[in-house]
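Below is one structure, written out as structure tokens; the observations come after it.
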Amino acid sequence: MMTEITETKDFIRNIIKEEMENGRFSQVHTRFPPEPNGYLHIGHVTAIYADFSIAEEFGGQCNLRFDDTNPIKEKTEYVDGIMDDIKWLGFDWEDRLYFTSDYFDQLYTWAIQLINQGDAYVDDLDMDEIRDYRGTLTEPGKNSPYRDRSITENLELFERMKAGEFPNGSHVLRAKIDMASPIINMRDPVMYRILHADHHRTGDKWKIYPMYDWAHGQSDSIEGVTYSLCSLEYLNHRPLYDWFLDKLGIDHPQQLEFGRVSINHTITSKRKLRRLVEGGHVDGWDDPRLPTVIAMRRRGYTAAALRDFCKTTGLSKSHRHMDVGMLEHAVRNDLNTVSPRAMAVMDPLRVVVKNYPEGQVEWFELPDYPQDKKNRPATRKVPFSRLLYVERDDFMEEPPRKFFRLGIGREVRFLGAYYITCTDIVKDEDGKIVELHCTYDPESQGGRTPDKRKVRGTIHWVSAHHAITATARLYDRLFLSENPEAEDDFITDLNPDSLRVIENIQLEPSLANASSDTVYQFMRKGYFVPDEKESTPDALIFNRTISMRDTWAKRGK
RNA sequence: UGAGGAAUAGUUUAAUGGUAAAACAACGGACUCUGACUCCGUCGUUCCUGGUUCGAGUCCAGGUUCCUCAGCCA
């Protein structure tokens with residue numbers, strides 16, 4: 001007897017499981033259908049994860065299909081970018097890369113079938129007239145005067161549309177359904193419009209292009225897709241999806257809808273993202289403050305973290321407004337296990353260890369993964385000398401209660417080195433502290449003393465003469481309000497402090513050959529990654545992926 | 001005010017007529033050579049009102065709120 005594992009499933013997986021048991025389909029085949037008109041963002045990641053992971057769990061496959069039915073908006077640049085992002089996220093469509101434009105000929109043949117069946121007609125009404133005839137949410141529409149043309153006339157007109165004899169907007173092919181349907185989508189939806197535009201794949205071959213509704217279900221059917229997962233707003237389109245497939249009498253995939261994900265303090269509307277980029281409010285589609293996949297990647301977010309975020313977040317039948325904290329938790333959680341540690345001082349304060357011999361240097365061997373030394377034994381050498389840098393805010397002249405770091409007369413542990421006691425401070429004429437005078441206990445090397453006395457504080461440090469100077473870019477939420485999309489003008493809601501550049505941070509020398517495919521934990525400060533575009537060995541620039549949780553800093557608030 | 005969809009902790013998701021659960025957040029504590037990590041604890045009369053039932057988040061009736069649809073966008 002096997003142990004029953006009761007694993008929580010979302011409603012989509014439950015439906016699929018049930019239908020597979022009933023034998024409705026013999027396999028699970030999904031597809032991810034992006035339109036190549038922009039870059040992928042965190043909202044798409046949820047859909048990608050659903051499409052690929054569900055197929056995989058049920059032993060099926062997931063296709064990548066570019067939904068390229070609108071040549072005016074689509075570009076090859078986006079096709080390449082999207083493929084890159086999906087690969088980086090860790091998903092593989094193998095040899096199943098498709099384009100809706102691959103099916104333009106088949107779609108055209110099927111359109112003729114519908115005309116012959118009396119299920120489609122060419123309409124001469126212009127855009128405004130069609131809108132007027134459509135009616136409103138509460139009033140039925142009325143039939144177009146061209147609705148009852150003969151099949152022969154429809155065939156001839158449609159052929160001439162295809163041949164490019166008519167200008168844009170002069171004719172459309174419409175499905176003949178029901179102008180009084182309470183479902184507005186069913187009021188004779190447009191199947192083809194005339195567009196004299198070059199297509200990124202088919203060039204100038206076509207003068208007519210299919211609409212989403214006419215293309216999508218048929219493309220799914222051609223590819224043998226069994227489950228066509230999409231977002232909630234397509235629920236209204238399902239009757240039409242089904243209608244086309246039924247009229248054509250071809251394989252009929254099941255459309256299933258789930259709620260989109262949005263994250264607070266950011267935006268995912270493609271139009272608004274474009275405005276940020278084009279308006280120069282951010283530094284391109286890969287600006288690390290953006291929720292696009294390329295940006296998150298540049299910032300140091302990992303694919304594993306993103307996948308884990310999707311997994312723990314699940315699927316539901318309503319739109320979700322997620323707290324960015326949940327995403328950040330997934331990032332910290334993954335980085336905590338995979339990031340090598342290093343020391344970097346962001347705001348340097350000089351320390352002279354008075355009783356440490358002038359000119360002496362000791363190289364301490366420190367673990368890269370102190371939290372997992374067994375499985376990750378890598379180490380690096382870090383120099384210690386008489387002149388060091390520590391973090392300015394790790395010293396306080398008048399320390400409050402429960403402050404465990406440096407102060408006059410206080411002893412703390414310098415990570416991986418010695419116990420250090422501050423004896424004196426040096427100020428400049430403005431009263432600003434410029435240097436700390438300290439002593440070290442030679443018996444405390446390795447972080448312990450023979451007398452086993454305890455120190456509460458452990459701080460990081462860098463040897464001044466060996467330190468590498470670098471730049472750090474600290475990112476914060478892009479928008480001040482939780483839901484910038486709801487603001488009258490989301491531009492005015494931009495956080496003026498979303499980027500802080502800090503020059504002259506001091507790094508331990510092992511970071512000299514830091515690479516942009518490794519995210520480092522600067523101990524006690526956060527996770528940092530060299531910027532893949534702008535960091536060079538001579539001028540290192542680190543992006544802060546995310547800060548450490550800091551319960552001490554919170555106390556002050 | 002047509003049609004469709006959704007309401008469970010601050011947020012997100014479970015519980016499929018049988019003790020309302022988990023993650024994140026917040027707060028309190030323990031531990032710690034990272035004030036990180038880890039661990040422990042605290043935080044809900046399931047949108048409302050009735051009904052069925054020994055028993056209702058779940059079933060029924062009525063109501064409320066929110067979302068989607070009137071592109072020749074997807």
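A, B, ... follow the sequence lines: proteins, then strands. Residue 1 opens every chain. In what follows, every heavy atom counts, from backbone to side chain, and hydrogens, waters and symmetry copies are set aside.
Between A:Arg549 and B:C37, a side-chain N or O to OP1/OP2 separation shorter than 4.0 Å is present. Taking side-chain N and O atoms only, A:Arg456 has no distance below 4.0 Å to OP1 or OP2 of B:U32. Put simply, A:Lys554 has a side-chain N or O that comes within less than 4.0 Å of OP1 or OP2 on B:A26. Side-chain N/O atoms of A:Arg134 include one lying less than 4.0 angstrom from OP1 or OP2 on B:C72. When the side-chain nitrogen and oxygen atoms of A:Arg271 are compared with OP1 and OP2 of B:A74, none of them lie within a distance under 4.0 Å. For the pair A:Thr551 and B:A36, the criterion of a side-chain N or O lying under 4.0 Å from OP1 or OP2 is met. The side chain of A:Lys317 contributes no N or O atom lying less than 4.0 Å from OP1 or OP2 of B:G5. Using a 4.0 Å cut-off, some side-chain N or O of A:Ser316 falls inside it from OP1 or OP2 of B:U13. Between B:U32 and A:Thr458, no contact under 4.0 Å exists linking OP1 or OP2 to a side-chain N or O.
Residues A:Val190 and A:Ala417 both approach RNA chain B. Their nearest nucleotides, taken by heavy-atom distance, put A:Ala417 toward the 5′ side. Closest-nucleotide positions on RNA chain B for A:Pro33 and A:Arg524 were compared, and the one nearer the 5' end corresponds to A:Arg524.
Nearest approach of A:Ser262 to A:His319, heavy atoms of both residues: OG-NE2, 3.1 Å. Minimum heavy-atom separation, A:Met548 to A:Arg524: CG-C, 3.9 Å.
No hydrogens or angles were tested; on distance alone, nothing pairs the side chain of A:Asp323 with the base of B:U12 as donor and acceptor under 3.5 Å. A donor-acceptor contact under 3.5 Å is formed by the side chain of A:Asn14 with the base of B:U16. Below the 3.5 angstrom threshold, one finds no donor paired with an acceptor across the side chain of A:Gln371 and the base of B:U38.
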task: Verify side-chain hydrogen bond (donor to acceptor under 3.5 Å, both in side chains) between A:Glu482 and A:His265, making sure each step is shown before the conclusion.
output: CA-CA 5 Å; A:Glu482 266 196 34; A:His265 298 290; 5.0 Å; no
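A 6.0 Å sphere centred on NZ of A:Lys381 holds no more than 12 heavy atoms belonging to other residues, nucleotides or ligands.
The side chain of A:Asn336 lies closest to B:C37, out of B:C37, B:C72, B:U12. For A:Asn236, counting side-chain heavy atoms from C-beta on, the closest listed nucleotide (B:G5, B:C69, B:G35) is B:C69. Taking every side-chain heavy atom of A:Thr136 into account, B:A70 is the closest of B:A70, B:C72, B:U34. Among the nucleotides B:A74, B:A36, B:G2, the one closest to any side-chain atom of A:Thr69 is B:A74. Closest to the side chain of A:Tyr212, from the set B:A74, B:U12, B:A26, is B:A74.
B:C39: Watson-Crick or G-U partner is B:G29, with both key distances under 3.5 Å. Pairing of B:C24, defined by two Watson-Crick or G-U wobble distances under 3.5 Å, is identified with B:G10. Within the shown strands, nothing qualifies as a pairing partner of B:A70 under the Watson-Crick or G-U definition with both distances less than 3.5 Å. Nucleotide B:A56: unpaired (no Watson-Crick or G-U wobble partner with both distances less than 3.5 Å). B:U46 is unpaired under the Watson-Crick or G-U wobble criterion, no partner having all donor-acceptor distances under 3.5 Å.
Looking at heavy-atom distances under 4.0 Å, A:Val172 makes contact with a base. The residue A:Arg238 sits apart from the nucleic acid: no heavy atom pair falls under 4.0 Å. Nucleic acid contact class of A:Asp213 (heavy atoms, under 4.0 Å, all strands): none. A:Ile183 comes within 4.0 angstrom of the backbone, heavy atoms only, and of no base. Residue A:Arg320 is in sugar-phosphate contact alone, with no base atom involved, counting any heavy-atom pair closer than 4.0 Å across all strands shown. Contact annotation for A:His329: backbone-only contact, meaning every heavy-atom pair under 4.0 Å involves sugar-phosphate atoms and none involves a base. Counting any heavy atom pair closer than 4.0 Å across all strands shown, A:Thr138 reaches a base atom. Note on A:Tyr234: a base of the nucleic acid sits closer than 4.0 angstrom, heavy atoms only. Among the protein residues, A:Met322 comes within range of the sugar-phosphate backbone only, with heavy atoms under 4.0 Å from sugar or phosphate atoms but none that close to a base. A:His460 comes within 4.0 angstrom of nothing in the nucleic acid, heavy atoms only. Note on A:Gly169: a base of the nucleic acid sits closer than 4.0 angstrom, heavy atoms only. Looking at heavy-atom distances under 4.0 Å, A:Glu328 makes no contact with the nucleic acid at all. Nucleic acid contact class of A:Arg187 (heavy atoms, under 4.0 Å, all strands): none. Residue A:Lys525 is classed as having no contact, given no heavy-atom separation below 4.0 Å to the nucleic acid.
Among A:Tyr418, A:Phe414, A:Trp363, the single residue meeting the ring-ring contact (aromatic ring centres under 6.0 Å, His included) criterion with A:Phe384 is A:Tyr418.
Comparing the C1' positions of B:G62 and B:C67 gives an interatomic distance of 22 Å, to the nearest angstrom. The separation of B:G51 from B:A25, taken at their C1' atoms, amounts to 39 Å, rounded to a whole angstrom. Between the C1' atoms of B:U12 and B:U34, the separation comes to 30 Å (whole Å).
Because its NZ or CZ atom is both nearer than 6.0 Å to the ring centre of A:Phe99 and within 45° of the ring axis, A:Arg201 counts as a cation-pi partner of that residue.
Put simply, the side chain of A:Phe32 reaches to within 4.5 Å of the side chain of A:Ile48, judged on heavy atoms.
Base orientation of B:G71: syn (glycosidic angle within 90° of 0).
Protein atom CG of A:Leu232 is 13 Å distant from nucleotide atom P of B:C67, rounded to whole Å.
Aromatic ring pairs are classed by plane angle as parallel below 30°, tilted from 30° to 60° and perpendicular above 60°; the pair A:Phe244 and A:Trp214 is perpendicular.
Close placement of the A:Tyr108 and A:Phe158 rings is indicated, their centers lying within 6.0 Å of each other.
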